[in-house]
There are 2 protein chains.
Amino acid sequence: MAALKIGRAVEGLSALAHESRLSIFRLLVRAGTDGVAAGEIARKLDVLPNTLSASLAVLSNAGLVTSRRDGRSIIYAADYDRMTSLLTFLVEDCCNGDAAICAPLAIVARRAACC
Amino acid sequence: MAALKIGRAVEGLSALAHESRLSIFRLLVRAGTDGVAAGEIARKLDVLPNTLSASLAVLSNAGLVTSRRDGRSIIYAADYDRMTSLLTFLVEDCCNGDAAICAPLAIVARRAACC
DNA sequence: TCTATATTTCCAGAATTATAGAAATAACAG
DNA sequence: CTGTTATTTCTATAATTCTGGAAATATAGA
């Protein structure tokens with residue numbers, strides 16, 4: 001898990017700071033490494049194909065999703081490594097040594113470790 | 001830690017999706033619950049007072065920071081609870097049961113639990 | 001009250017981002 | 001080659017956000 005530069009972190013946050021793109025990303029996070037075809041995302045979230053394509057391009061440029069072609073479809077998947085880097089960037093060196101503050105953050109990991 | 005609605009999550013991500021605001025937030029995350037006076041933030045990050053004020057207003061409206069007056073100064077502090085909610089929102093129901101993917105997310109908590 | 005410090009509010013021009021229609025490209029099946 | 005499905009690219013308008021100067025507000029001290 002590579003450390004992010006601030007510009008790259010901003011890019012990631014910007015990509016997620018949009019209701020439709022955030023929904024897409026969360027759908028992919030839930031879907032796992034197998035990913036989901038663009039068309040299926042469009043159907044599930046009810047977005048126009050060109051709009052979806054633009055959204056996926058933003059997420060992809062930010063490094064948050066990967067894609068591969070499978071026949072006529074293009075399969076998108078969340079990049080968990082990048083997601084972890086982004087979250088880590090936000091909490092890095094958190095709270096200056098006060099355990100009582102940081103402890104609740106463990107909940108994030110516990111929730112994430114759904115499995 | 002209350003669960004976030006997507007609109008509120010987008011608001012938080014938008015607030016952080018800006019280099020100067022992200023630097024301010026991370027400064028406050030490191031500083032702990034005591035917080036930092038606006039003037040000191042301006043000095044440390046070298047931003048104009050009016051620009052800083054606008055940035056702090058955005059972070060505050062997004063619920064990511066709190067403020068209190070102390071004499072002539074206004075002290076800002078990170079809202080760790082909200083930060084945790086936002087991180088949780090991103091990883092919720094992650095990866096559909098595949099432990100190998102989610103495990104690295106524990107790093108986030110470990111890094112956060114700096115103390 | 002007068003002055004200095006700390007911070008915010010107001011404002012307008014500049015820059016960036018979002019949206020959707022239409023056309024283009026890619027892959028497959030007959 | 002033709003037609004169909006899947007997705008992207010192009011393009012222009014609309015909407016939002018950023019920036020910094022100037023003025024306003026709040027607090028404290030003499």
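Treat the numbers as computed from the prediction; the structure is a model and nothing was measured. Residue numbers start from 1 in every chain, and the chains themselves are labelled A, B, ... in the order their sequence lines are given, proteins ahead of strands.
A straight line from NZ of A/Lys44 to C1' of D/dA6 spans 17 Å, rounded to a whole angstrom. For B/Asn61 and C/dT8, the CG to C1' distance is 13 Å, given to the nearest whole Å. As a whole-Å value, the separation of B/Ile41 CD1 from C/dT8 C1' is 14 Å. The distance from atom CD of A/Glu40 to atom P of D/dA6 is 12 Å, rounded to the nearest whole Å. At whole-Å resolution of the value, CG in A/Leu56 and P in D/dT9 are 11 Å apart. In this structure, B/Leu45 atom CG and C/dT7 atom P are separated by 13 Å, rounded to whole Å.
Taking side-chain N and O atoms only, A/Tyr76 has no distance below 4.0 Å to OP1 or OP2 of D/dA6.
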- Message: Strictly under 4.0 angstrom, non-hydrogen atoms only: write out the protein contact profile of nucleotides 1-6 of chain C, one letter per nucleotide from the 5' end, B, S or -.
- Response: ---BBS
- Message: For a quick check, with a 4.0 angstrom heavy-atom cut-off, what is the B/S/- contact string for nucleotides 16-25 of chain D, read 5' to 3'?
- Response: --SSBBB---
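Formation of a donor-acceptor pair under 3.5 Å by the A/Arg68 side chain with backbone atoms of A/Ile75 is not found in this model. A distance-only check finds no donor-acceptor pair linking the side chain of B/Tyr76 to the backbone of B/Ile41 [under 3.5 Å]. The closest donor-acceptor contact from the side chain of B/Arg69 to the backbone of B/Gly71 lies under 3.5 Å. Formation of a donor-acceptor pair under 3.5 Å by the A/Thr84 side chain with backbone atoms of A/Tyr80 is found in this model.
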- Task: Could you go through the salt bridge (charged side-chain N to carboxylate O under 4.0 Å, His left out) check for B/Arg8 and B/Glu11 one step at a time?
- Result: CA-CA 5 Å; B/Arg8 203 76 180 120; B/Glu11 214 178 339; 2.6 Å; yes
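For the pair A/Arg30 and A/Phe25, the cation does not sit on the ring face, since its NZ or CZ is not both under 6.0 Å from the ring centre and inside 45° of the axis. Geometrically, A/Arg26 engages B/Phe89 in a cation-pi contact defined by less than 6.0 Å to the ring centre and at most 45° from the axis.
For the pair A/Leu16/A/Leu59, a side-chain contact is recorded, criterion being any heavy-atom separation below 4.5 Å from C-beta on. In this structure, B/Leu13 and A/Leu13 have side chains that are in contact, with non-hydrogen atoms separated by less than 4.5 Å.
Nearer to the 5' terminus of DNA chain D, by closest-nucleotide assignment, is the contact made by A/Ile75 (compared with the other of A/Ile75 and B/Asp70).
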